[in-house]
> 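Can you read through this structure? Questions will come right after.
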Amino acid sequence: MVCGAGANSDGIHLELVGYPDQSSAQWLDAFSRSMLVEAGTTIREWVGKYDIPRQWLTVAQVADGKTKGFCTHHDVSRAFPAV
């Protein structure tokens with residue numbers, strides 16, 4: 001999905017590499033486990049550095065542009081559909 005309203009240029013982004021049809025076993029292989037550990041470390045650093053609350057945002061909260069927290073690319077695409 002494509003995000004509208006310049007959403008890709010706002011916020012802090014962390015990309016995890018995988019496939020939509022990846023199985024649980026594949027997400028638990030050595031590469032993926034290492035990636036997830038690194039992502040967790042990065043997120044913990046960002047929470048402190050940027051004062052990000054440890055909360056999952058609703059699509060409405062993403063759309064308000066003010067509420068801090070975490071969301072997915074899919075959430076942003078739903079909050080700011082491309083025109």
Side-chain angles (χ1 to χ4, degrees):
M1 296 181 86
V2 177
C3 297
N8 281 329
S9 62
D10 190 23
I12 303 170
H13 308 272
L14 179 67
E15 184 167 345
L16 304 178
V17 181
Y19 294 100
D21 62 348
Q22 200 164 312
S23 69
S24 295
Q26 290 169 315
W27 276 110
L28 295 174
D29 68 13
F31 173 83
S32 296
R33 289 175 68 89
S34 176
M35 174 182 63
L36 293 169
V37 167
E38 290 297 323
T41 300
T42 299
I43 289 167
R44 278 190 301 279
E45 290 173 5
W46 289 351
V47 161
K49 183 175 183 179
Y50 300 109
D51 193 31
I52 303 169
R54 290 182 173 123
Q55 67 175 349
W56 200 260
L57 301 180
T58 65
V59 173
Q61 289 171 318
V62 173
D64 77 20
K66 299 174 190 169
T67 308
K68 287 184 171 186
F70 293 90
C71 65
T72 66
H73 187 275
H74 182 71
D75 297 330
V76 174
S77 296
R78 289 175 56 209
F80 304 105
V83 230

> Same cluster or not: W27 versus F31, using hydrophobic residues (I, L, V, M, F, W, Y) connected whenever any side-chain heavy atoms lie under 4.5 Å apart?
yes
> Would you tabulate the side-chain donor-acceptor contacts of residues 43-56 under 3.5 Å, counting partners in other chains and residues two or more places apart, or write 'none'?
from: R44; atom 1: NH1; to: G40; atom 2: O; distance (Å): 3.4
from: R44; atom 1: NH2; to: T41; atom 2: OG1; distance (Å): 3.3
from: Q55; atom 1: NE2; to: K68; atom 2: O; distance (Å): 2.7

> Has D75 got a side-chain atom pairing as donor or acceptor with R78's backbone, closer than 3.5 angstrom?
no
> Output all residues satisfying side-chain hydrogen bond (donor to acceptor under 3.5 Å, both in side chains) with R33, sequence neighbours left out; order by chain, then residue number.
none
> For T42, enumerate each residue passing the side-chain hydrogen bond (donor to acceptor under 3.5 Å, both in side chains) test, keeping only those at least two apart in sequence or located in another chain.
none
> For T58, enumerate each residue passing the side chain to side chain contact (heavy atoms under 4.5 Å, CB included) test, keeping only those at least two apart in sequence or located in another chain.
A60, Q61
> Considering residues at least two apart in sequence or located in another chain, which fulfil the side-chain hydrogen bond (donor to acceptor under 3.5 Å, both in side chains) criterion with S34?
none
> How close do A39 and L16 get, counting heavy atoms only, and between which atoms?
CB-CD2, 3.6 Å
> At their closest point, which heavy atom of D29 faces which heavy atom of S32, and how far apart are they?
OD1-N, 2.7 Å
> Is there a path of hydrophobic side-chain contacts, each under 4.5 Å between heavy atoms of I/L/V/M/F/W/Y residues, joining L14 to I12?
yes
> What residues form a side-chain hydrogen bond (donor to acceptor under 3.5 Å, both in side chains) with S23, not counting sequence neighbours?
Q26
> Heavy atoms only: give me the nearest C71-V76 pair and the separation to one decimal.
SG-CG2, 3.6 Å
